[in-house]
Amino acid sequence: MIQIQNLVKRYGDLVALDHLNLTIKEGEVFGLLGPNGSGKTTAINCLLSLLRYDKGSITIFGKEMHPDSYDIKKQIGVVMQNVAVFEQMNVQENIDYFCGLYVKDKEKRKELVEEAIRFAGLEDFRKMRPKKLSGGLLRRLNIACGIVHKPRLIIMDEPTVAVDPQSRNKILEGILELNRQGSTIIYTSHYMEEVEQICSRIAIIDHGRVLATGTKEELKRMIKTGETITIEAIVLDDTTLSEIRQLPHVFDISYEEQTLKVRLSSAKHNLIRVLHYLQEQDISFGRVFSELPTLNDVFLEITGKELRD
Amino acid sequence: MTVFKGFLTITKRNMNIVILYLVIFLTIALMVDKMLAPSQAGTFEQETLTIGVIDKDGGSLAKGLSEYLDTWHNIQNLPDDPGIIQDRLFYRDVYYIIRIPENFEQKCLKENTKLEITKVPDSNSGIYVDQQINTFFNSIRTLTAGGFSLDEAIEKTNKYTASDTKVSLADKNSNGGNMPGHAFMFQYMPYILISILCYTLSTIMIAFNQTDVRKRMLCSSVTSRSMNLQFVLGYAVIGTVIWLICTLMPIGVYGKEFLQDPHLPYYLLNSLAITLVSLAIAFFIGTFVHREELVSAVVNVVSLGLSFTCGVFVSLDVMGKGIKTAAHFLPVFWYEENNNLLGYNAFLTSSQFADLMRNYGIQLLFAAALICTAFAFRYHQTRSDA
């Protein structure tokens, strides 16, 4: 459905996109995951022909994308990072206005607007002006304006920034619902939990390059970490730490403020083995957690830094 | 036509400001018109005073003078009592007192002795009566020197005085040399047009120029050409509506007088030209100002600045030379030049007509220059964004 090949975008000496390659299939919820400044928004802007790029090609629905590719644009819905609505219009007028940019038929537009209002849960706020809405409701209005014309492809650029958890969950559920209704979704975020929750395939991007692509399981399989064990309220000396580091499958440990974090490669009985060692040494400890690898672990291993650095 | 409809929706939200400006405009224009326009232009009324006469002579010349003055004024015979005279003057029962001495004919005509006059100090009407008395004696002297007897001279002088003289006023604009009322309204029109159009359209432009709204619109299936045409249509419709309202007001207030003005089409053309200039200024401000809270301040500075420096509120005749020279570089000056040409001349000479056309052209050039500058900035900005 979408093919981005060798995309290069420079701002003077700064290379924002460095030979970026992506392939997105129809029906996917495709996540673009990367820290702030990694090139996600630049990639989206190039994809939408809002930015000129220096090199490469972009193909959407089998056709090359240009600023005047209006037949392609007709099938795309965009939800911007910042709320893009008119302060002078109320909720319904805003949704109707943005729907009107795609749908000329008044009756059909009326139906679509009603549907979008229901979808975003804005029934009780339809006559309110944006400045009267809470942050969460504003974001929902922003989404409603972007998806009202039922596009085949929806591009969402960090739609949940500065949104309360309740509204965030509602937005994420809505995105999955749109996908179930047949829309392909490109979702950019630096919140790995969100990407992990809704995306069927993910590309990790940093410094304008795709570092890894795949389903979350595939990405996790790419890294060494199979399990991370966290033990709280534990007092250890250097000798003990050194011995833990020597346990089978352990490849990294960290010990800070009486909390031990042990990273192990995928193997059976990792937790039992660590606990057995502590018991043997008669070392007391508090709570114990065992976690499977997260996308943050993937990012950490690939880039050497935390996703939110 | 979604963009155009959006344009109109946002305009509707600013209607209260438009109405407020129109009410201010109408009130100011009518007030100034009533204050400055002469209430009885073209009509004259002779002033009649009460004149006291103390006649010590009783001769034919003394009677002739009294009859002569009686043509315009009320004559009262007074006793020669200083107390009564002072009282009458103090209470303004009489404004002017003439004491005619004994042997009046000999003293006034042959010895050139001055008449004894008592009048309200520093009054214009006193000077007026002085001139009339001088005229009477000059006439008598001329006629007697020409061979007429004193009685004949008195009779002829009083006869000529009684006849009416027809006065023709050299009136260049059929309004007693003053600007007609509707010209006052057109004089203030630039302020209101610039204020309303700049405020309304700049607010709309800022709404449409929000980075993310603009991006969202550029991502849509509406072509850039269609979008631009809809913006132009929006500007044209709003400009036309405001222009119509502003030109209908003089029609509503002055009705037939305005409609019968031979310069009506030129007034309308002039107001249309300044409307185009106002639209261009609005586009210019909307391009450079990106915050709504700044619009009001910028629009006030621009509209009041242009109005004060170009003779909208205060005639340029009372301004300094420097301001007058600077005003030549502003479009409103050329509008006011045309308005004065039309207001003060009922018929235009060919050179005045040429000036009128030149001033229309200059206004249009200003509009074109402002639009081109704004477009150049927008083009540069778009390239920087990309």
Side-chain angles (χ1 to χ4, degrees), chain A residues 9 11-12 41-42 44-54 60 65 67-90 92-94 96-104 106 109 129-131 142 145-149 151 153-155 157, chain B residues 1-18 199-231 233-234 238 286 290-296 379-386:
Chain A
K9 171 69 188 170
Y11 294 104
T41 301
T42 305
I44 294 298
N45 285 341
C46 288
L47 188 67
L48 292 166
S49 276
L50 293 171
L51 272 182
R52 288 197 196 96
Y53 42 88
D54 301 296
I60 303 177
M65 180 69 171
D68 55 355
S69 302
Y70 296 109
D71 53 334
I72 298 176
K73 287 181 175 181
K74 198 170 189 172
Q75 302 175 70
I76 301 176
V78 185
V79 179
M80 296 291 176
Q81 191 169 351
N82 298 316
V83 177
V85 294
F86 291 102
E87 285 296 331
Q88 293 89 342
M89 296 184 194
N90 63 32
Q92 189 165 347
E93 285 168 339
N94 262 301
D96 185 56
Y97 175 83
F98 288 108
C99 187
L101 296 175
Y102 299 88
V103 182
K104 285 181 183 168
K106 207 175 172 183
R109 206 164 67 224
R129 298 266 187 96
K131 65 178 171 192
N142 195 35
C145 291
I147 56 95
V148 59
H149 58 291
L153 170 66
I154 301 170
I155 298 171
D157 190 6
Chain B
M1 298 294 276
T2 304
V3 178
F4 174 66
K5 281 180 193 163
F7 209 92
L8 294 187
T9 307
I10 298 174
T11 310
K12 267 195 267 173
R13 300 285 185 264
N14 291 320
M15 265 329 263
N16 49 351
I17 295 287
V18 174
Y199 186 85
T200 312
L201 293 170
S202 300
T203 311
I204 297 170
M205 289 282 287
I206 286 170
F208 278 100
N209 280 343
Q210 291 174 81
T211 312
D212 290 288
V213 169
R214 202 173 72 222
K215 275 186 183 176
R216 187 169 252 174
M217 287 173 65
L218 287 173
C219 292
S220 76
S221 57
V222 178
T223 64
S224 301
R225 188 182 137 84
S226 164
M227 230 179 268
N228 289 336
L229 283 175
Q230 289 183 59
F231 278 126
L233 184 63
I238 291 169
H290 295 287
R291 285 166 57 195
E292 209 177 322
E293 57 270 28
L294 282 181
V295 170
S296 191
Y379 179 73
H380 176 74
Q381 200 180 30
T382 312
R383 283 185 71 85
S384 306
D385 285 350

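Computation of the quantities below employed the complete heavy-atom set of this structure, encompassing side-chain atoms and omitting hydrogens, waters and symmetry-equivalent molecules. Every chain is numbered from 1 and lettered A, B, ... according to where its sequence line falls, protein lines coming before strand lines. Because the structure is a prediction, the values reported are computed rather than measured.
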Name the option with the most non-hydrogen atom pairs under 4.5 Å to chain B; the candidates are A:Gly77, A:Cys99, A:Gly100, A:Pro151.
A:Gly100
Given a strict heavy-atom distance threshold of 4.5 Å, which part of A:Asn94 is in contact with chain B: side chain, backbone, both, or neither?
neither
With respect to chain B, which residue among A:Val79, A:Asp71, A:Ile155, A:Val85 yields the maximal number of heavy-atom pairs within a distance under 4.5 Å?
A:Val85
Can you check side chain to side chain contact (heavy atoms under 4.5 Å, CB included) on A:Gln88 and B:Thr203, steps first, answer last?
CA-CA 10 Å; A:Gln88 293 89 342; B:Thr203 311; 3.8 Å; yes
Side-chain contact test, heavy atoms from C-beta onward, threshold under 4.5 Å: evaluate it for B:Asp212 versus A:Asn142 and give yes or no.
no
Indicate the atoms forming the closest heavy-atom contact of A:Pro67 with A:Lys73, along with that distance.
O-NZ, 2.6 Å
In short, B:Gly286 meets B:Asn209 closest at the heavy-atom pair O-ND2, 3.5 Å
Hey, are A:Glu93 and B:Lys12 close enough for a salt bridge, meaning a charged N less than 4.0 Å from a carboxylate O?
no
Residue part contacting chain B, namely of A:Phe98, when any heavy atom lies under 4.5 Å:
side chain
Of all of A:Met80, A:Lys74, A:Gln75, which one pairs up most often with chain B through heavy atoms under 4.5 Å apart?
A:Met80
Which answer fits A:Cys46, side chain, backbone, both or neither, if we ask what part of it has an atom under 4.5 Å from a heavy atom of chain B?
neither
Contact class of B:Ser226 relative to chain A, heavy atoms under 4.5 angstrom
neither
Please state whether the side chain, the backbone, both or neither of A:Asn82 comes within less than 4.5 Å of a heavy atom of chain B.
both
Just give me the residue among A:Val78, A:Asp96, A:Val83 that pairs up with chain B most often, heavy atom to heavy atom, under 4.5 Å.
A:Val78
Which one of B:Leu201, B:Thr2, B:Leu233 satisfies the side chain to side chain contact (heavy atoms under 4.5 Å, CB included) criterion with B:Phe7?
B:Leu201
Do the non-hydrogen side-chain atoms of B:Thr223 and A:Asp68 ever get within less than 4.5 Å of each other?
no
Please look at B:Met217 and chain A and tell me whether the side chain, the backbone, both or neither of the residue comes under 4.5 angstrom of a heavy atom of that chain.
both
Heavy-atom cut-off 4.5 Å, strictly under: side chain, backbone, both or neither for A:Asp157 against chain B?
neither
Mind telling me whether A:His149 and A:Tyr102 have parallel, tilted or perpendicular rings, with 30° and 60° as the class edges?
parallel
Go through the atoms of B:Thr9 and report whether side chain, backbone, both or neither lie under 4.5 Å from a heavy atom of chain A.
side chain
